[in-house]
Amino acid sequence: MDSVKLARYLIGKTLVRELPKGRITGRIVETEAYLPQDAACHAFNGPTKRNRSLFLDHGHAYVYFIYGNHFMLNVCSEREGIGAGVLLRALEPLEGIPFMKRGGRNHMLQKDLTRGPGRLAAALRVDMKFDGLNLCAKGPLWLGEAVKSVGRIGRSVRIGITKDAHRRLRFYERGNPFVSGPKLLR
DNA sequence: CGGCTGATGATCT
DNA sequence: GATCATCAGCCGG
């Protein structure tokens, strides 16, 4: 498996969250690859209790908690034993928008509900209980097929990191209003 | 719009 | 004790 290929491949695919009361779906519009031999990758210093699911086979989930507030959802991107993944950074909401968790107040704009990795996870109620889940099998959280064609894919440096920050491993659908990050990188 | 800052807690040194 | 793959709120232009 090639992590960069997976990061590109995931653009346009759907992410599905099954809730007891209904379903949330979104179309992935922004990803970042974290490679083996990449100082920014959580697996860079070898397995620990926190990052162990990043070493699962491609298609499994790696979820972690950061900044005391946010969960980040990644898709493992290499074969079992190799720590690498793709961070899901933004979705275009498709179904179940009323179920999406709003950020504290009612006035959060709909376009911001799934824009950015922390808000994406909050909207889909992704937390540590999904760490290690196989996302390729239908269940409470899984990856589905693309529902429409994908526009031109842009590429940039990754957002919010300091190590290996020059590597251009972020991918996004150009011009899509649900892509996060500074305007220059959309 | 861009830029800055504090919140908040797990993890690792 | 420092770091951190973020975000909302606030400020100035």
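Since we're looking at a predicted model, the values are computed, not measured. In what follows, chains carry the letters A, B, and so on, assigned in the order in which the sequence lines appear, proteins first and then strands, with residues in each chain numbered from 1. Worth knowing before you read on, the calculation uses all heavy atoms, side chains too, and leaves out hydrogens, waters and symmetry mates.
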Report task. For the pair A:Arg170 (side chain) and A:Leu185 (backbone), establish whether a donor and an acceptor sit closer than 3.5 Å, ignoring hydrogens and angles. Result -> yes
Query raised in the report: Centre of A:Phe178's six-membered ring, under 6.0 Å away, within 45 degrees of the axis: is that where NZ or CZ of A:Arg27 sits?
Result: no
Report task. Give, ordered by number, those residues of residues 79-93 of chain A having at least one heavy-atom distance below 4.0 Å to an atom of DNA chain C; if nothing qualifies, reply none. Result -> A:Leu87, A:Arg89
Report task. Kindly say if A:Arg119 contacts the phosphate of C:dA8, meaning a side-chain N or O under 4.0 Å from OP1 or OP2. Result -> yes
Query raised in the report: Rounded to the Å, how far apart are A:Leu184 CG and B:dC1 P?
Result: 12 Å
Query raised in the report: Start at the 5' end of DNA chain C and walk down; is the nucleotide closest to A:Lys163 or to A:Pro117 reached first?
Result: A:Lys163
Side-chain donor-acceptor pairs under 3.5 Å in residues 79-86 of chain A, sequence neighbours left out?
none

Query raised in the report: So which heavy atom on A:Gly96 is nearest to which on A:Ile24, and how close?
Result: O-CG1, 3.8 Å
Query raised in the report: Do other residues, nucleotides or ligands put more than 12 heavy atoms under 6.0 Å from the CZ atom of A:Arg52?
Result: no
**Report entry** Check: A:Arg17 side chain, A:Leu124 main-chain N or O, donor-acceptor pair, under 3.5 Å
**Finding:** yes
Query raised in the report: Do any of residues 126-135 of chain A sit with a heavy atom less than 4.0 Å from DNA chain C, and if so which?
Result: none
Requested in this report: To the nearest Å, give me how far apart CZ (A:Arg186) and C1' (B:dG2) are.
Outcome: 12 Å
Query - A:Glu32 side-chain N/O to A:Leu87 backbone N/O, donor-acceptor pair under 3.5 Å - result: no
**Report entry** Stem list, DNA chain C (Watson-Crick or G-U pairing under 3.5 Å, at least 3 consecutive pairs)
**Finding:** B:1-7 with C:6-12, B:9-12 with C:1-4
Polar atom pairs between nucleotides 10-13 of chain C and protein, under 3.5 Å, N or O only, would you list them?
none

Query raised in the report: Can you tell me if A:Arg186 uses its side chain to pair, donor with acceptor, with the backbone of A:Gly181 under 3.5 Å?
Result: yes
Query - Common cluster, A:Phe71/A:Leu120, ILVMFWY with side-chain heavy-atom separation under 4.5 Å - result: yes
**Report entry** Flag side-chain contact, heavy atom, 4.5 Å: A:His70 against A:Pro117
**Finding:** no
Query raised in the report: With distance as the sole test, does A:Asn51 use its side chain to make a donor-acceptor pair with the main-chain N or O of A:Leu54 at under 3.5 Å?
Result: no
Query raised in the report: Could you state the interatomic distance from OG (A:Ser77) to OH (A:Tyr34), rounded to the nearest 0.5 Å?
Result: 11.5 Å
**Report entry** Heavy-atom neighbours of A:Tyr9 OH exceed 12 at 6.0 Å
**Finding:** no
Query raised in the report: Which residues, if any, of residues 41-73 of chain A bring a heavy atom under 4.0 Å of DNA chain C?
Result: A:His42, A:Tyr64, A:Ile66, A:Tyr67, A:His70, A:Met72
Report task. Check whether any side-chain heavy atom of A:Phe99 lies under 4.5 Å from a side-chain heavy atom of A:Leu19, and answer yes or no. Result -> yes
Report task. Name the orientation class of the two ring planes belonging to A:Tyr62 and A:His42 (parallel below 30°, tilted from 30 to 60°, perpendicular beyond 60°). Result -> perpendicular
Query raised in the report: Are the side chain of A:Glu173 and the backbone N or O of A:Val150 linked by a donor-acceptor pair below 3.5 Å?
Result: no
Requested in this report: Let me know the distance between CD1 of A:Ile159 and P of C:dT6, rounded to the nearest Å.
Outcome: 8 Å
Query raised in the report: Looking only at side-chain N and O atoms, does A:Thr162 come under 4.0 Å of OP1 or OP2 in C:dT3?
Result: no
